[in-house]
Structures are given as C-alpha cells and as structure tokens.
Visitor: 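The following block contains the structure, expressed as structure tokens.
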Amino acid sequence: MNDSAISVRRLVKAYGDLRAVDDISFEVAPGTIFGLLGRNGAGKTTTLETCIGLTKPTSGSVRVDGLDPTRRPDFEQLRRRVGVQLQATSLPEKALVREILSIFFEYYGLAPHVAELAARVGLEEKLDRFVGKLSGGEQQRLALALALLHDPAILFLDEPTAGMDAFGRRILWGEIDRLREAGKTVVLTTHYIEEAERLCDEVCIVQAGRIVARDTPAALVAAYGGAATIAFSARGFTADEALAADPTLAPLGRWAKVSEHWSLAVAGEPGAALGAIVAYANARGVSIDKLDLRRPDLEDAFIAITGESLADETVGDGSGAAA
C-alpha cells in the first residue's frame, strides 16, 4: 500500500539549455484533487506528460501508484489504472462518436455503456456525428469520456476545460466533484484561477519550471491574498471627519480616497468593519450610496507570489516544450 498516489522527486526536464521543469518535487495523497496552476510555458504540461510516461525525465524520478512510468512493464500496468485527458486528442475524424466509445470499451474488455457515458459528458445527442464535425469543446468532452471510461483510480487532466463553453465546463466540474466523492485522485493543470480555486484540494503554483508555492487555495489566499476591501460612498461623508467623530472606526483598517469614493482595506475578517460602518451611518443619518465588499481570492495570491497575472492568458496547442 503506497502512502502517495503520485510521487515526483527532483524532477528535471531539459531541452538543450532550456529547463522546462527545474527540480520539481511534490507528493499527492490518494483521493486528492491536485492542481498545477501557472501561465503557459510554466512547465505544467511537461510535468504531467512525465507523470504519464509520454516524456522521459532528464533527471529525478516519478512514481504513479508505486510504478515508474518510464519503465515499459510499469507503463503497461498503468494504462489500466490511469485515465488521461490531454489538451489535444488525436482521433479519426471520419469515425462516429458511438464507434470511438465502443472501440475503447472493447479495448478495456468492458461491457459497453455507450449511451450512459455519452450522457455523462453531454454528448448523448452527438453519438452519430463524425468526430471531425464536433466543436473543439465537444472533442474535449469526448476525450474526458475516454479518460473516465474504465473507472481509473488516478486521472491526469491537462487544461481540461480549454476551449469548452460554460456548459462543458459545468460538466467537467461536476465530474470532478463526483470523482472526489468516489475517492479518486486527480491531477489537473490549469491557468484558470476560478477552476483551481473551485476544484482543488491543493494547488502548486508553477513559474518558470519551478514550484513557487504550494498549499490549499484557502491557505494561499490567507497568506498572500492581502486585505479585504470595503468600497464606501455616502453623501456628506469624509473619512477624516468620521475617524474624529467615532474612534472605533480607526482600528478597522486603512482608509483611502478613490475618485469620489472611499475604500477601507481590512486585515482579517471584514464583517465587523462592515457592521461598524453601517452603524456609524445609521447613528448620524448618513445616506449610503455605495457599500461593496471584496474579499481577496486566489488570483490576488497568485499575483502576489509570481508578480504575474493570468487575466490575458490564452491556451496554446500543447506542442511547446515548456507548456
């Protein structure tokens, strides 16, 4: 019995002088949804491809369910224990969706449940459509179905919602929730902050081939996300006058003028500060025009850790060495 479903130690993958993966180590406990979060070119895909045996490491070691994917006998065993969805999956364009699913059921020696599996990924109405006629998002959902088909204990999903519309993304997120309930182990790469925060039990932030932070999303936000912000605007209100009139407002945080409005940066739980502002306004008959609360999130933590933003990221085709 292995303590870790996946163990990566001192992993290096170099392409000439370029270190796409530069001394990465991590362990993934069984039943964990584990995310590799970073910009394109950070080394996420190369790490995942090494874990599934598609890329041989320059140095270091990888073990998946106690097996070494670089060894042929171990790789053959892992094929039935592991499910994989890559950024791009090459399937015959002139084959029907129904035919592809049937072939894979036969490959794994399983009784075919084609219609049921297609319904799980929202392709029940596409069974008699050629693969080449599917949209990019539909092809990703078909790849997801193939990864799930044999009920593997461990799944690797590389940018699984890239190119998916909101419908496809909801399906993928629902499947990961189901996998969590079933005790499966999932490793996913993503550059979508919301996806990592919503799905992952643990997140590794990857930058330039290295892990620069690792923890639960909530812990990363608490450590690096910064202060919650209350945006406040009221007729006749100025922060200087309010602080002089009510000294209980001063310890709440740091006030700043933003255009015609005021903002309050609150360290810790902002609920008390919000209540104090409302109480101050009510006691003095101040009419509040705007009162908004924004809590820090994983994007704030990511920017603080890396100095980079994911807002303008676009997903490449997965062909880059350091993707």
Visitor: Is the OH atom of Tyr108 crowded by more than 12 outside heavy atoms at less than 6.0 Å?
Guide: yes

Visitor: Any non-hydrogen side-chain atom of Val64 less than 4.5 Å from a side-chain atom of Phe156?
Guide: yes

Visitor: With sequence neighbours left out, which residue pairs that include part of residues 100-111 fulfil the salt bridge (charged side-chain N to carboxylate O under 4.0 Å, His left out) condition?
Guide: none

Visitor: Please list, one pair per line, the donor and acceptor atoms closer than 3.5 Å that link side chains of residues 147-155 to other protein atoms, with sequence neighbours excluded.
Guide:
residue : atom : partner : partner atom : Å
His150  : NE2  : Val82   : O            : 3.0
Asp151  : OD1  : Lys184  : NZ           : 3.1

Visitor: Specify the closest pair of heavy atoms between Ala5 and Thr185, including all atoms of both residues, with the distance to one decimal.
Guide: CB-OG1, 3.7 Å

Visitor: Tell me, which pairs form a salt bridge (charged side-chain N to carboxylate O under 4.0 Å, His left out) where one or both residues lie in residues 5-15, sequence neighbours left out?
Guide: Arg9-Glu27, Arg10-Asp23

Visitor: Filter on side-chain hydrogen bond (donor to acceptor under 3.5 Å, both in side chains), then keep only pairs touching residues 282-295, sequence neighbours left out; what's left?
Guide: Arg235-Ser287, Arg235-Asp289, Glu269-Arg295, Arg294-Asp300

Visitor: Between Asp68 and Arg71, is the closest basic N to carboxylate O distance under 4.0 Å?
Guide: no

Visitor: Do any pairs count as a side-chain hydrogen bond (donor to acceptor under 3.5 Å, both in side chains) and have a residue in residues 205-215, sequence neighbours left out, and if so which ones?
Guide: Asp22-Arg210, Glu202-Arg214, Gln207-Glu308

Visitor: Less than 4.5 Å apart, any side-chain heavy atom of Leu157 and any of Val84?
Guide: no

Visitor: For the ring pair Phe34 and Phe26, is the centre-to-centre distance below 6.0 Å?
Guide: yes

Visitor: State which residues pass side chain to side chain contact (heavy atoms under 4.5 Å, CB included) with Ala273; sequence neighbours excluded, sorted by chain then number.
Guide: Ile230, Leu252, Leu264, Val266

Visitor: Would you call Ile33 and Ile176 a side-chain contact if the rule is heavy atoms closer than 4.5 Å?
Guide: yes

Visitor: Tell me every residue that passes side chain to side chain donor-acceptor pair (under 3.5 Å) with Ser135, counting only those two or more places apart in sequence or in another chain.
Guide: Glu138

Visitor: Does the Ser4 side chain pair with the main chain of Ser7, one donor and one acceptor, at a distance under 3.5 Å?
Guide: no

Visitor: Minimum heavy-atom separation for Ala196 and Pro217, please, with both atom names.
Guide: O-CG, 4.0 Å

Visitor: If we only count heavy atoms from C-beta on, is the Ser263 to Arg254 side-chain gap below 4.5 Å?
Guide: no

Visitor: Show me the donor-acceptor pairs, under 3.5 Å and distance only, between side chains in residues 94-101 and residues at least two apart or in other chains.
Guide:
residue : atom : partner : partner atom : Å
Arg98   : NE   : Asp128  : OD1          : 3.1
Arg98   : NH2  : Asp128  : OD1          : 3.4
Arg98   : NH2  : Asp128  : OD2          : 3.2
Glu99   : OE1  : Leu96   : N            : 2.9

Visitor: Please identify each residue that fulfils side chain to side chain donor-acceptor pair (under 3.5 Å) with Arg169, with sequence neighbours left out.
Guide: none

Visitor: Taking the side chain as C-beta and beyond, is there a heavy-atom pair between Ile288 and Phe232 under 4.5 Å?
Guide: yes

Visitor: Distance-only criterion, 3.5 Å: show the donor-acceptor pairs between side-chain atoms of residues 116-125 and protein atoms not counting sequence neighbours.
Guide:
residue : atom : partner : partner atom : Å
Arg120  : NE   : Glu175  : OE2          : 3.4
Arg120  : NH2  : Glu175  : OE1          : 2.6

Visitor: Are Arg198 and Tyr192 in a cation-pi setup, meaning NZ or CZ lies under 6.0 angstrom from the ring centre and within 45 degrees of the ring axis?
Guide: no

Visitor: Whether Lys44 and Asp158 form a salt bridge (side-chain N of Lys/Arg under 4.0 Å from carboxylate O of Asp/Glu) is what I want to check.
Guide: no

Visitor: If you round to the nearest 0.5 Å, how far is CD1 of Ile24 from CD1 of Ile211?
Guide: 4.5 Å

Visitor: Looking at Val206, Val21, Val187, which hits side chain to side chain contact (heavy atoms under 4.5 Å, CB included) with Thr47?
Guide: Val21

Visitor: Quick one: are Trp173 and Thr161 in side-chain contact, heavy atoms under 4.5 Å?
Guide: yes

Visitor: According to salt bridge (charged side-chain N to carboxylate O under 4.0 Å, His left out), does anything in residues 186-195 pair up with another residue at least two apart or in another chain? List the pairs.
Guide: none

Visitor: Is there a side-chain contact between Phe167 and Arg170, using heavy atoms and a 4.5 Å cut-off?
Guide: yes

Visitor: Show me, pair by pair, the donor-acceptor contacts under 3.5 angstrom made by side chains of residues 50-63, not counting sequence neighbours?
Guide:
residue : atom : partner : partner atom : Å
Thr50   : OG1  : Thr46   : O            : 2.8
Thr55   : OG1  : Glu49   : OE1          : 3.3
Thr58   : OG1  : Ala14   : N            : 2.8

Visitor: Quick check: do Leu37 and Leu310 have side-chain heavy atoms less than 4.5 Å from each other?
Guide: yes

